[in-house]
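Each remark here refers to the structure printed beneath this line.
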Amino acid sequence: MPSIADRLETVRDRICQATHENHRSDSDILLLAVSKKHPASAIAAAHAVGQNHFGENYLQEALDKIESLSMPELIWHFIGPIQSNKTRAIAENFHWVHTVDRLKIAQRLSNQRPAALAPINLCIQVNIDNELSKSGVTIEEVEELAVAIENLPNIKLRGLMAIPRPNTGDINEGSNAFKKMYDLFNQLKSNNLFSNFDTLSMGMSADLEMAIANGSTIVRIGTDIFGPREK
Ligand SMILES: *Cc1c(COP(=O)(O)O)cnc(C)c1O
């Protein structure tokens with residue numbers, strides 16, 4: 001079995017290749033290592049070969065790992081569904097949150113962000129394929145929510161996040177959702193309402209190339225770095 005360091009290198013090579021093919025710079029892409037359901041020791045192994053950004057979906061599991069690793073250089077991203085009663089711990093322990101789709105959650109994160117910390121970086125989750133099983137706002141709802149969030153004091157609105165439907169074999173179907181996200185992102189970015197709008201969080205193990213071809217700036221990679229997760 002390849003080590004975490006080997007797999008990480010392979011993923012970095014894929015990112016390099018994809019940026020090259022799309023005339024982008026690999027410094028435009030942030031690799032977020034999604035460590036959910038993997039132990040703190042796996043995070044430490046990735047960190048040992050230069051990985052600093054980690055994504056977690058389940059709050060209690062994440063808090064346990066953040067505490068046990070206790071490495072101030074690690075940057076934690078919350079990428080799971082958010083219930084209101086979880087916002088305080090997210091505001092206190094994470095640098096980024098990718099999965100906000102309601103103003104109420106953003107308001108709570110802003111109110112609960114400790115004064116000693118920099119504003120929390122936030123992406124709005126868009127349900128780009130209008131799937132019942134997924135969270136996220138519709139394309140039509142994004143701008144109004146973004147304007148409201150931009151005005152919150154302890155939040156830095158960074159951009160959009162999506163989980164486009166896995167590619168079904170029909171390459172156009174997949175790429176359409178990625179392309180739609182890119183168009184939406186550029187449209188919001190170009191209207192000059194937002195001062196820090198620079199992030200498009202999309203792309204996972206199976207589709208990072210398609211995401212990079214469509215303007216992604218953060219790819220969230222779990223399986224291809226840490227191996228399969230237990231169900
Ligand atoms: C689990 C997860 C990932 C990583 O998925 P892989 O297919 O394992 O790379 C990325 N984003 C979100 C929101 C996730 O929940």
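Whatever order the structure lists ligands and atoms in, that order sets their numbers, starting from 1. Side chains included, hydrogens not; waters and symmetry mates left out as well; all remaining heavy atoms used.
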As an exercise, state the distance from NZ of Lys189 to CG of Asn191, rounded to the nearest 0.5 Å. 12.0 Å

Before signing off on this row, confirm whether Val34 and ligand 1 have an N or O atom pair separated by under 3.5 Å. no

Using a strict cut-off of 4.0 Å, indicate which atoms of ligand 1 neighbour a heavy atom of Ile221. 9 (O)

Taking the side chain as every heavy atom from C-beta outward, state whether Lys156 and Thr199 have any pair of such atoms under 4.5 Å apart. no

Arg113 side chain to Ala91 backbone, donor-acceptor under 3.5 Å: yes

Mind checking the NE2-CD1 spacing from His95 to Ile120? Nearest 0.5 Å is all I need. 9.0 Å

So is Asp224 polar-close to ligand 1, meaning N/O to N/O under 3.5 Å? no

Which ligand 1 atoms does Ile163 reach within 4.0 Å, using its non-hydrogen atoms? 13 (C)

Going by the atom numbers of ligand 1, which of them fall below 4.0 Å from some non-hydrogen atom of Asn57? 14 (C), 15 (O)

side-chain contact (heavy atoms from CB on, under 4.5 Å) between Ile163 and Arg220, intermediate numbers included: CA-CA 10 Å; Ile163 312 172; Arg220 308 178 310 262; 3.6 Å; yes

Does some side-chain heavy atom of Asn127 sit less than 4.5 Å from a side-chain heavy atom of Val137? no

Any heavy atom of Met161 sitting closer than 4.0 Å to ligand 1? yes

Considering non-hydrogen atoms of the protein only, which is the closest contact for atom 10 (C) of ligand 1, and what is the distance? Met204 SD, 3.2 Å

Counting from 1, what ligand 1 atoms have a heavy atom of Lys36 closer than 4.0 Å? 1 (C), 2 (C), 3 (C), 14 (C), 15 (O)

Glu92, CD atom: more than 12 neighbouring heavy atoms under 6.0 Å: yes

Which of the numbered atoms in ligand 1 are below 4.0 angstrom from a heavy atom of Arg220? 4 (C), 9 (O), 10 (C), 11 (N), 12 (C), 13 (C)

Atom pair CE (Met161) and CG (Asp101), whose distance is rounded to the nearest 0.5 Å: 10.0 Å

At under 4.0 Å between heavy atoms, which part of Thr223 makes contact with ligand 1: side chain, backbone, both or neither? both

Identify the closest protein heavy atom to atom 9 (O) of ligand 1: which residue and atom is it, and at what distance? Ser205 OG, 2.5 Å

Does ligand 1 have a heavy atom under 4.0 Å from the side chain of His98, from its backbone, from both, or from neither? neither

